[in-house]
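Following: one structure in structure tokens, then a few remarks.
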4 protein chains.
Amino acid sequence: MDTAALPTKDRLIRAAAKLFRTHGYHGVGLNDLLSEAAAPKGSLYHHFPNGKADLAIAAATWASDEMLRVIAASFAEAETFEDGATTLCFKLAKLFDLTGQQDGCPIGSTLFEGPGNAGFLEYADRCYSGWIAEVHDHASRFGLDAAEAGRRAEHLFLLIQGGWQLARARRSSDVLRSLPALLEMQPQTTIAPA
Amino acid sequence: MDTAALPTKDRLIRAAAKLFRTHGYHGVGLNDLLSEAAAPKGSLYHHFPNGKADLAIAAATWASDEMLRVIAASFAEAETFEDGATTLCFKLAKLFDLTGQQDGCPIGSTLFEGPGNAGFLEYADRCYSGWIAEVHDHASRFGLDAAEAGRRAEHLFLLIQGGWQLARARRSSDVLRSLPALLEMQPQTTIAPA
Amino acid sequence: MDTAALPTKDRLIRAAAKLFRTHGYHGVGLNDLLSEAAAPKGSLYHHFPNGKADLAIAAATWASDEMLRVIAASFAEAETFEDGATTLCFKLAKLFDLTGQQDGCPIGSTLFEGPGNAGFLEYADRCYSGWIAEVHDHASRFGLDAAEAGRRAEHLFLLIQGGWQLARARRSSDVLRSLPALLEMQPQTTIAPA
Amino acid sequence: MDTAALPTKDRLIRAAAKLFRTHGYHGVGLNDLLSEAAAPKGSLYHHFPNGKADLAIAAATWASDEMLRVIAASFAEAETFEDGATTLCFKLAKLFDLTGQQDGCPIGSTLFEGPGNAGFLEYADRCYSGWIAEVHDHASRFGLDAAEAGRRAEHLFLLIQGGWQLARARRSSDVLRSLPALLEMQPQTTIAPA
DNA sequence: CATGAATGAGCGTTCATTCAT
DNA sequence: AATGAATGAACGCTCATTCAT
């Protein structure tokens, strides 16, 4: 993705999304941001009057929307919920590899440590709810009742979050690809007691 | 837990574990650390010659050991794996509430953004492996074969990590208490302790 | 005084006069000025090509003219020089209270610290000379000879300047009301109007 | 006065006193201060934890004490109150010339525009009260009763403040030397009506 | 073993100004 | 005549670290 042609504001948002995700809110300086975005110092406050915090919200919004697109694309052509979930996890694994095997959840990295903590957490909650709702919708589309759809959507969300954490520590995307196997709950399977 | 009586080094470690977990590695300044630990200005580099990075490793070590203790205590008196997992999740929920409903994984918060990134991630991996191995051991003790024990241990780990993230965004420990229900994939099967 | 209906340029001048007087030339940013004046961003350099410095001169001019009007009004209906001086001091005390008990000499606050220091000081001198001349004229009108009129005019000027300083520190207008007593050096003498 | 041999903290205080007096609190940047004091950037916050505001208070304190010394020295060898007041005004005129003919009241310039405005004004009031009290003491020593001593002390204070303002605008110390003439209140003098 | 004074690079932010429209 | 987007220098301040004692 060549960002050089984008307007300054968008270059700032993408630079922020990228850097915050890897180094966390406090781990990224404005100078890092500005040089990554090839933007002059003064323009940050022109586009984001409240500075770094505003930019973090914008970056989180952009990253959250990207995630919604990945979810939608994964389930769009799926024939079962498991299919969609598997595609999603594999897509995320591929993205994890592409971005250097060191990125966690873009929302958490960006918003969990910010200064306007209360507002940041609230906004993270909204993003997460959006993701879960999107998965929920697809689960419903496959015929699951509301309770089961909700349960599965949250389960998948939690596994992905946990997967990001573990993949990051292991510097390996394999854990993300192994998530679907944990999601499959086949009531017909029995495990023999020891 | 009254930390006032502890030696300076331990007070520093606990202060670091507490603050890093909430605000992340870069979100905590040495002044914050020193004043939280009620430690004199110069003592940090006396006890931790490499400074903040050393302290972060020590804090992660301490936090990881605490987690191992919580895991051990949860499974010690359990009659089934599900029992132990449930106890663990409830204990973590309680701790989450006690520490202000804003703390995520103590290892990830402390080590994922550090400067010596490579070494930090490696160390995080070791901590995580230790947690999973501890759960694995208990699963084996309850008669699960190695593959199933590994699968369940990792599943629980991932759910807890995801649970911490979601609980943090929602500022609610409820999600942690709901994790065991997602873990039980074969409700009809009971597993006898070994 | 409702300034909303005034043209932008006048709103800028009054906003500048108000803010410079309280916070000093360097203590007021263009943003403060623009928002106090409810003026659009670009309009400052339209009306004042040399920017802040031009505006400061305009504000000082306006404030100086206001002071001349207050002096004139105070002496206009006076029957003696002391009468006029007393009225003036009481009017200034009232204005001091109305504007928040924190304002000093509008000229000094605006011009003494500016960047084009030489020109600013020269202009301040002209303003001050104007005030003293105005008082001198009234003193002459009451029959004082040139030397005595000059002496009294300067004495009153100095007391008012000192009074503004002390009133500001004490946040009290009382000192301004006490000035006439210091001016009266020959209580037994009455001076007939010319 | 060679300040090079003084400790860093004192060099900072003197640099601040000098620069604030000429350019005002907001007109002086930390870089100006630091280079005038030949001090490294980090040491300012070592000596003055609250930064510029702390330094301003320290500078005002030092300047106020200097003024008290000048007052004391002026009255110490005086034979009458008028003598002392005259010596004081002449000393101040000399200092005015020595420091570039552009300095006003060191307290007002430093404290009237600061950010911690309330505290700054309060402190300025205390300084001014100290000066007035010092003059009052000398007046009493010359046999004036409390009311007259207070009246004369405040009168002299106001004239000096006004004198500083006018001297600054005129870039001339003459006005300071003319103050004693205004202070002389000879009840026996009568002015003939016109 | 333990301390706190000292430091300069870098922080996030605001500044007065320019200029194309 | 009137505007607001854009800018880089400077702002006051905090940082992790060093070192003499």
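Order of the sequence lines fixes the chain letters, A, B, ..., with proteins taken first and strands second; residue numbering starts at 1 for each chain.
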D:Glu122, CD: over 12 other non-hydrogen atoms inside 6.0 angstrom: no
Any donor-acceptor N/O pair, D:Ser43 side chain to D:Pro40 backbone, under 3.5 Å: yes
Spacing between C:Phe48 atom CZ and F:dA2 atom P, to the nearest angstrom: 12 Å
Please write out each protein N/O paired with an N/O of nucleotides 16-19 of chain E under 3.5 Å, distance rounded to 0.1 Å.
{"from": "E:dA16", "atom 1": "OP1", "to": "C:Val28", "atom 2": "O", "distance (Å)": "3.3"}
{"from": "E:dA16", "atom 1": "OP1", "to": "C:Lys52", "atom 2": "NZ", "distance (Å)": "2.7"}
{"from": "E:dA16", "atom 1": "OP2", "to": "C:Leu30", "atom 2": "N", "distance (Å)": "2.7"}
{"from": "E:dT17", "atom 1": "OP2", "to": "C:Tyr45", "atom 2": "OH", "distance (Å)": "2.6"}
{"from": "E:dT17", "atom 1": "OP2", "to": "C:Lys52", "atom 2": "N", "distance (Å)": "3.2"}
{"from": "E:dT17", "atom 1": "O5'", "to": "C:Tyr45", "atom 2": "OH", "distance (Å)": "2.9"}

Any B:His46 side-chain nitrogen or oxygen under 4.0 Å from OP1 or OP2 of E:dC1: no
Under 3.5 Å: donor-acceptor pair, side chain of B:Ser109, backbone of B:Cys105: yes
C:Arg21 (side chain) donor-acceptor with C:Gly104 (main chain) under 3.5 angstrom: yes
Distance in angstrom units between B:Asp32 CG and F:dC15 P, rounded: 6 Å
N or O in side chain of D:Ser43 less than 4.0 angstrom from E:dT7 OP1/OP2: yes
D:Lys9: partners by salt bridge (Lys or Arg N to Asp or Glu O under 4.0 Å), with sequence neighbours left out: none
Shortest side-chain distance from D:Pro40, nucleotide among E:dG8, F:dA6, F:dC11: E:dG8
Derivation of the ring pair (Phe, Tyr, Trp, His ring centres under 6.0 Å) call for D:Phe112 and D:Tyr25: CA-CA 8 Å; D:Phe112 278 174; D:Tyr25 182 82; over 10 Å; no
Base-pair map of DNA chain E as dot-bracket, where | denotes pairing with a different strand and pairs are Watson-Crick or G-U under 3.5 Å: .||||||||||||||||||||
Atom-to-atom span, CG of D:Leu12 to P of E:dA6 - whole angstrom: 11 Å
Between C1' of F:dG12 and CG of D:Leu33, the distance in whole Å: 11 Å
Under-4.0 Å side-chain N/O to phosphate OP1/OP2 contact, A:His47 with F:dA6: yes
More than 12 heavy atoms from other groups under 6.0 Å of NZ on A:Lys52: yes
Side chains of A:Arg11 and A:Glu36 in contact at under 4.5 Å (non-hydrogen atoms): no
Considering all heavy atoms, the nearest D:Leu12-D:Leu44 contact: CD1-CA, 4.0 Å
